[in-house]
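Worksheet: the structure to be examined is printed underneath.
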2 protein chains.
Amino acid sequence: MIIKTNPDIYDKLFPKGDILTNEEISQLKSSGKTINFNKKDVVFRQGTLTSHVMYLETGLIKLFKNGRNNRSFILKIATPGYFIGFVSIFGDDTFQYTATAIEDSSVFFIDINTFNSVLEKNGKYSVYLLKKVCKDNLNIVDRITSQYHKQLPGKIADIILYFSEKIYHSNTFEFPLTRNELAELAGTTKESFIRTLTEFKNDKIIVSDGKLLEIKSLEIVKTLSRIG
Amino acid sequence: MIIKTNPDIYDKLFPKGDILTNEEISQLKSSGKTINFNKKDVVFRQGTLTSHVMYLETGLIKLFKNGRNNRSFILKIATPGYFIGFVSIFGDDTFQYTATAIEDSSVFFIDINTFNSVLEKNGKYSVYLLKKVCKDNLNIVDRITSQYHKQLPGKIADIILYFSEKIYHSNTFEFPLTRNELAELAGTTKESFIRTLTEFKNDKIIVSDGKLLEIKSLEIVKTLSRIG
DNA sequence: ATTTTCTGGTGATTTAAATCACCAGATTCC
DNA sequence: GGAATCTGGTGATTTAAATCACCAGAAAAT
């Protein structure tokens with residue numbers, strides 16, 4: 001059971017300021033419905049038809065592409081305030097990736113037609129979302145391309161920084177994923193990920209026990225990420 | 001000198017239908033200016049400030065990220081009708097990649113404030129562009145992620161199909177890029193690209209002479225792309 | 001006009017990382 | 001409650017592709 005203690009849970013859906021009218025907000029609210037997902041549940045599956053705009057209220061959701069040789073590539077770990085599957089909903093008629101909950105999560109589903117009519121009537125809200133999509137797009141493309149040519153230490157350093165800076169905002173955190181999934185995020189294999197993490201441990205750059213990780217030398221992690 | 005013979009040169013900027021009013025069209029037209037670029041000219045450089053919306057009228061422009069070890073990664077070859085740098089303009093205040101003309105090109109520059117005010121007043125146009133951005137985003141991410149884990153034959157097959165299907169719509173075409181640039185698009189090195197292309201030639205999958213390429217067995221190229 | 005740089009190309013060598021083959025403990029399934 | 005699967009982990013082997021080292025012809029620059 002998820003208890004919503006954060007009063008600003010909808011601040012990315014209904015941004016502060018004069019962007020949306022109270023009428024529009026209640027229109028969107030009343031056409032929507034919160035659905036809870038347990039850890040490991042599938043929110044939507046690659047290839048299925050899009051039908052709703054989905055806004056992550058609480059939890060953590062991984063977005064990944066199914067590769068051919070049953071190898072996946074994790075595009076992003078979505079945090080609360082993220083519109084999951086948005087680019088697929090507006091850019092295609094089927095989902096281009098799969099979304100599964102990696103923690104118990106709640107998602108606000110909004111009917112696509114209602115959402116669309118608000119967007120078409122309210123240019124400011126459209127521009128707000130356009131900017132959000134562009135920003136997110138830049139982040140995803142930047143993460144993937146900067147990782148692309150890097151060697152293992154650079155890739156793994158990238159992942160450590162990703163969780164530390166983008167997800168948990170702390171030098172100490174617990175990986176919400178298995179080693180295999182972390183490898184899918186880093187674009188490598190389970191074995192290689194483990195080995196490199198062990199090297200980092202031996203070199204006292206990090207302290208790590210199971211899913212727990214503490215960055216001991218942020219300096220070195222950043223350098224490894226930079227030099228690749 | 002570029003001669004604009006195509007009457008629909010602006011069909012992506014001013015989409016058919018009732019999306020834009022004649023007033024808005026003339027407002028955008030009058031606030032804009034066509035600038036011509038010669039082959040190899042830089043249109044904008046990664047890290048510089050964004051200021052205009054840019055719409056490619058004619059020509060071909062490559063969008064690429066400068067990697068650290070002076071290695072680049074080509075994100076996309078922009079064709080006429082493409083808003084170059086759009087995600088940077090709306091998602092950041094600096095360009096996140098560099099754009100250079102790979103053929104003589106003409107670009108229509110529109111003042112960002114004028115563009116923004118049209119967008120904010122016209123939700124339909126905003127939604128139109130939102131969809132365009134989402135679609136483009138899916139294509140770029142799909143291209144890069146599907147390429148990511150592939151081995152050389154799969155990567156090179158991908159590139160051949162990219163030019164054949166997305167750029168030239170023909171089984172015979174001329175690469176508009178050098179081998180080095182093609183490697184930057186495929187995510188490999190010049191040597192590896194050349195070697196793999198030679199193998200394709202030896203296996204009679206393609207006929208190739210310099211920049212010219214003809215797909216002899218589309219079947220096999222597609223299979224190589226699929227199995228990676 | 002002649003250096004200098006870029007381009008396409010090939011061969012030999014090196015190297016990083018994937019793959020294969022395990023193992024023990026924890027989960028999940030029937 | 002036992003079988004099957006998943007997980008984190010390590011070592012040995014293989015392999016794909018990057019790197020290095022060239023070369024000749026074209027293109028650019030001085």
Side-chain angles (χ1 to χ4, degrees), chain A residues 38-42 62 67-74 100 102 147-160 174-202 206-213 224 227-228, chain B residues 38-42 62 67-74 100 102 147-160 174-202 206-213 224 227-228:
Chain A
N38 294 321
K39 197 172 166 169
K40 293 190 179 176
D41 282 352
V42 174
K62 72 163 177 171
R68 19 228 128 267
N69 31 358
N70 68 346
R71 210 171 173 181
S72 298
F73 191 90
I74 298 181
T100 62
I102 56 179
Q147 183 180 94
Y148 200 102
H149 285 120
K150 283 182 187 170
Q151 297 188 190
L152 273 173
K155 287 186 180 187
I156 280 42
D158 274 8
I159 299 309
I160 293 173
E174 266 187 59
F175 284 124
L177 303 173
T178 65
R179 302 286 132 133
N180 209 34
E181 289 173 307
L182 289 167
E184 286 172 356
L185 188 62
T188 178
T189 59
K190 183 196 69 162
E191 295 93 324
S192 294
F193 190 95
I194 291 171
R195 268 186 258 272
T196 310
L197 211 66
T198 305
E199 278 173 42
F200 284 13
K201 247 199 305 199
N202 293 341
I206 57 163
V207 167
S208 152
D209 179 38
K211 296 211 189 301
L212 213 113
L213 190 140
L224 286 169
I227 63 170
Chain B
N38 296 321
K39 198 174 166 167
K40 294 192 179 175
D41 281 352
V42 173
K62 71 163 178 171
R68 20 228 128 268
N69 31 356
N70 69 344
R71 211 173 172 178
S72 298
F73 190 91
I74 298 181
T100 62
I102 55 180
Q147 184 180 92
Y148 201 102
H149 285 120
K150 283 181 187 170
Q151 297 189 190
L152 273 173
K155 287 186 181 188
I156 280 41
D158 274 7
I159 300 309
I160 293 173
E174 266 188 58
F175 283 124
L177 303 172
T178 65
R179 302 286 134 134
N180 209 34
E181 290 173 306
L182 288 167
E184 286 172 357
L185 187 63
T188 179
T189 58
K190 183 196 68 163
E191 294 94 325
S192 293
F193 190 96
I194 290 170
R195 267 186 259 272
T196 310
L197 210 66
T198 305
E199 277 172 43
F200 285 12
K201 248 199 302 200
N202 293 341
I206 57 163
V207 166
S208 152
D209 178 38
K211 296 211 189 298
L212 213 113
L213 190 138
L224 285 169
I227 63 170

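Letters A, B, ... are given to chains in the order of the sequence lines, protein chains preceding strands, and every chain is numbered from 1.
When the C1' atom of D:dA18 is taken as reference, atom CZ of B:F193 falls 16 Å away, rounded to whole Å. One can place CG of A:L213 at 15 Å from C1' of D:dG8, the figure rounded to the nearest angstrom. Atom C1' of nucleotide C:dT19 and atom NZ of A:K190 are separated by 12 Å, given to the nearest angstrom. Taking atom CG of B:L182 as the reference point, atom C1' of C:dC6 lies 15 Å away to the nearest angstrom. When the C1' atom of C:dG8 is taken as reference, atom CG of B:L177 falls 15 Å away, rounded to whole Å. We find that CD1 of A:I194 is positioned 8 Å from C1' of D:dT7, with the value rounded to whole Å. Rounded to whole Å, atom C1' of D:dT19 lies 14 Å from atom CG of B:L152. Distance, B:H149 NE2 to C:dA18 P: 8 Å, rounded to whole Å.
Within the structure, a side-chain polar atom (N or O) of A:R179 is placed less than 4.0 Å from OP1 or OP2 of D:dG9. Distances shorter than 4.0 Å separate some side-chain N or O of A:S192 from OP1 or OP2 on C:dA18. Put simply, A:T189 has no side-chain N or O that comes within less than 4.0 Å of OP1 or OP2 on C:dA17. Phosphate contact (OP1/OP2 of C:dG8, side-chain N/O of B:K211, threshold under 4.0 Å): present.
Remark on DNA chain D: of its neighbouring residues B:T188 and B:K40, the 5'-side contact belongs to B:T188, judged by nearest-heavy-atom nucleotide. In terms of position along DNA chain D, the nucleotide closest to A:E191 lies nearer the 5' end than the nucleotide closest to the other residue of the pair A:E191 and A:Q151.
Counting atom types as modelled, A:R195 pairs a side-chain N or O with a base atom of D:dG11 as donor and acceptor under 3.5 Å.
Distance alone, capped at 3.5 Å, is enough to place a donor-acceptor pair between the B:K155 side chain and the B:G187 backbone.
The line from OG1 of A:T189 to CD of A:E184 is 11.0 Å long, rounded to the nearest 0.5 Å.
Note: A:F73 and B:Y148 have tilted aromatic rings, judged against thresholds of 30 and 60 degrees for the angle between ring planes.
With a 6.0 Å radius and a threshold of 12 heavy atoms from other residues, nucleotides or ligands, B:N202 has its CG atom above the threshold. Annotation for B:N38: atom CG counts as buried by contact number, over 12 foreign heavy atoms lying within 6.0 Å.
Heavy atoms of B:K155 sit nowhere under 4.0 angstrom from any nucleic acid atom.
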